[in-house]
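This report concerns only the one structure given below.
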Amino acid sequence: MKYKSQKVAYWFFGLCMLLFALQIIYGFIMGFARIGMDGLHDFIPFNTARAVHTNLLVVWLLTGFMGAAYYIIPEEAQRELVNVKLAYVQLISLAVVGVLAIVGYHFNIWEGRKFLEIPRELDVLVVINVLLFLGLILTTLFKAERRTTTSLVLTMGLVFAALLYLPGMIWFDSQVTDSFFRWWVVHLWVEGVWELIMGGILSYLLIKLTGVDREVIEKWLYVIVGLTFLSGLLGTGHHYYYIGVNKIWLIVGGIFSALEPLAFLAMALFAVYMYRKGEKSHPNKIALFWTIGASIVSFIGAGLLGFAHTLPQTNIYTHGTLVTAMHGHYAFWGAYAMIVLAIISYALPNITGRKLYDSTRGHMAFWLSNIGMLGMTVAFGVAGVAQVYMERKMKMDFMDVQNEISIHFVVLLLCATLFTTGITLYILEFIKYGKPTDEALVKE
């Protein structure tokens, strides 16, 4: 690492790993409940497990993004963070808010709005926490010796993510209006500004790992940003089909949802082309695997599988079924989870000074987790198609259908076990690296 303050990122990554592990545990609770093994129902009912599982996903990814920013921004800005102590305060307060929210869900302390269950009081604390984070990042950039496109795109994504959290804090008596603005948070995060964050991290990693000229890579970023805003913003319309808004959203949502895969295709082609063009043979092959893998898997999961069920003619049948879970799992894994794991894999050797690049455990973590997630996605997809046919075409009762498709969740649990084995190996590798040290401080 080039700057001492980059060590802050390690502790964000550590919290990130802990929250990821908890998310997987709650995923298993739901998986076993789906096949009738619901012994924890009195303590953790399915709706609680679902809320915890999805909210932990959001929190651990945001924690990873923050860690990535604390690692990338000092290097891009060519200066230390303006205040390291406040960065640690922000980390601790983020962890406290996360714990309070998760514990509260088990006592039915929530708003009850899907994906935005966090109580209003904690919403305020989240806003304060994120403002502190942005204050540190923006002040560091303001005092920087240089401002790169990579750092600006990453920061722009983080700023817009904060701004788009605010509509979710507004209360509307009308369920239609409330749902309309709720998607400003949920959709425009994951299919809008988070793509900017992914693009910024991807750009940084490709510059470091491939040796391709910064100017060439950052020109591609402009294309990705343009496609993201063009398709992602109006693509929000595919969430408006059946909530009571004007029918114009059927047309707008359909057209721009069809364009959304282009942004991810551009990102995948961008990464693969830069890798093949690169003359630099970086020894950290694990980080390179995660980086290229993220761009390819995100195109399949977010792009193709998203397109597969967001057109109105298809979505009228697939809406609210396990087909959505198929798309959601592979999209989040490829677009965001893998890019966070990529920056962690790249940063750890530099922060700790331990060059454990090419370990068998690291490679096994990559392949087992990816094969396991692919198997889970297929299981969700097959179950979802069967659910659509029986529920929407044969008009069978919802619970009867759930019993019929429960066998697919046995397969899903087996694949989830494979996935968990891979992530366990990744976490063990993280632990093996040990804590950051000042001895790793070098000037390139």
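Quick caveat, the model's predicted, so the values are computed rather than measured. Sequential numbering from 1 along the given sequence is applied to the chain's residues.
Residue-environment remark: OH (Y165) exceeds the threshold of 12 foreign heavy atoms within 6.0 Å. Remark: H282 NE2 is packed, more than 12 non-hydrogen atoms of other residues, nucleotides or ligands lying under 6.0 Å away. For M156, the CE atom sits in a packed shell: over 12 heavy atoms of surrounding residues, nucleotides or ligands are nearer than 6.0 Å.
Looking at every heavy atom in both residues, T318 comes nearest to T324 through O-OG1, 4.0 Å.
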- Apply side chain to side chain donor-acceptor pair (under 3.5 Å) to the pair Y222 and T149, showing each step before the final yes or no. CA-CA 9 Å; Y222 289 117; T149 300; 3.3 Å; yes
- Item | Evaluation steps, side-chain contact (heavy atoms from CB on, under 4.5 Å), between M338 and F366 | CA-CA 9 Å; M338 287 183 73; F366 176 83; 4.0 Å; yes
- Task: Output, in order, the C-alpha distance, side-chain angles, deciding distance and verdict of side chain to side chain donor-acceptor pair (under 3.5 Å) for Y71 and N350.
- Result: CA-CA 10 Å; Y71 183 83; N350 301 329; 3.1 Å; yes
- Task: Please lay out, stage by stage, how R113 and E117 fare under the test salt bridge (charged side-chain N to carboxylate O under 4.0 Å, His left out).
- Result: CA-CA 5 Å; R113 301 161 77 208; E117 288 90 351; over 6 Å; no
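Under 3.5 Å, the side chains of S93 and N129 contain a donor-acceptor pair of N or O atoms. When only modelled atom types and interatomic distance are considered, S151 and T148 share a side-chain donor-acceptor pair under 3.5 Å. Counted by atom type alone, S359 and E429 present one or more donor-acceptor pairs between their side chains at under 3.5 Å. Between the side chains of Q78 and Y3, not a single donor N or O lies within less than 3.5 Å of an accepting N or O.
Of the residues listed (W11, F12, F13), the one engaging Y70 in a ring-ring contact (aromatic ring centres under 6.0 Å, His included) is F12, and it is the only one. Shown are W290, F20, F419, W367; of these, the ring-ring contact (aromatic ring centres under 6.0 Å, His included) with Y426 is made only by W290.
Atom CZ of F172 is separated from atom CZ of F181 by 4.5 Å, given to the nearest 0.5 angstrom. Note: I137 CD1 to L154 CG = 7.5 Å, rounded to the nearest 0.5 Å. The CE atom of M169 sits 9.5 Å away from the CD1 atom of I118 when rounded to the nearest 0.5 Å.
Using cut-offs of 30° and 60° on the angle between ring planes, the pair Y105 and W110 is tilted.
Although no hydrogens or angles enter the test, the distance criterion places a donor-acceptor pair under 3.5 Å between the side chain of S295 and the main chain of I292.
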Could you pull out every donor-acceptor pair under 3.5 Å between side chains of residues 250-274 and any protein atom, sequence neighbours left out?
{"from": "S257", "atom 1": "OG", "to": "H238", "atom 2": "ND1", "distance (Å)": "2.6"}
{"from": "S257", "atom 1": "OG", "to": "G253", "atom 2": "O", "distance (Å)": "2.6"}

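Ion pair R214/E76 flagged as a salt bridge, since at least one NZ, NE, NH1 or NH2 atom sits closer than 4.0 Å to an Asp/Glu carboxylate oxygen.
Relative to the six-membered ring of F115, R50 meets both conditions, a distance below 6.0 Å and an angle of at most 45° to the axis.
Within the 6.0 Å centre-distance limit, the rings of H329 and F380 are counted as a close aromatic pair.
In this structure, R147 has no salt bridge (charged side-chain N to carboxylate O under 4.0 Å, His left out) partners at least two apart in sequence or on a different chain.
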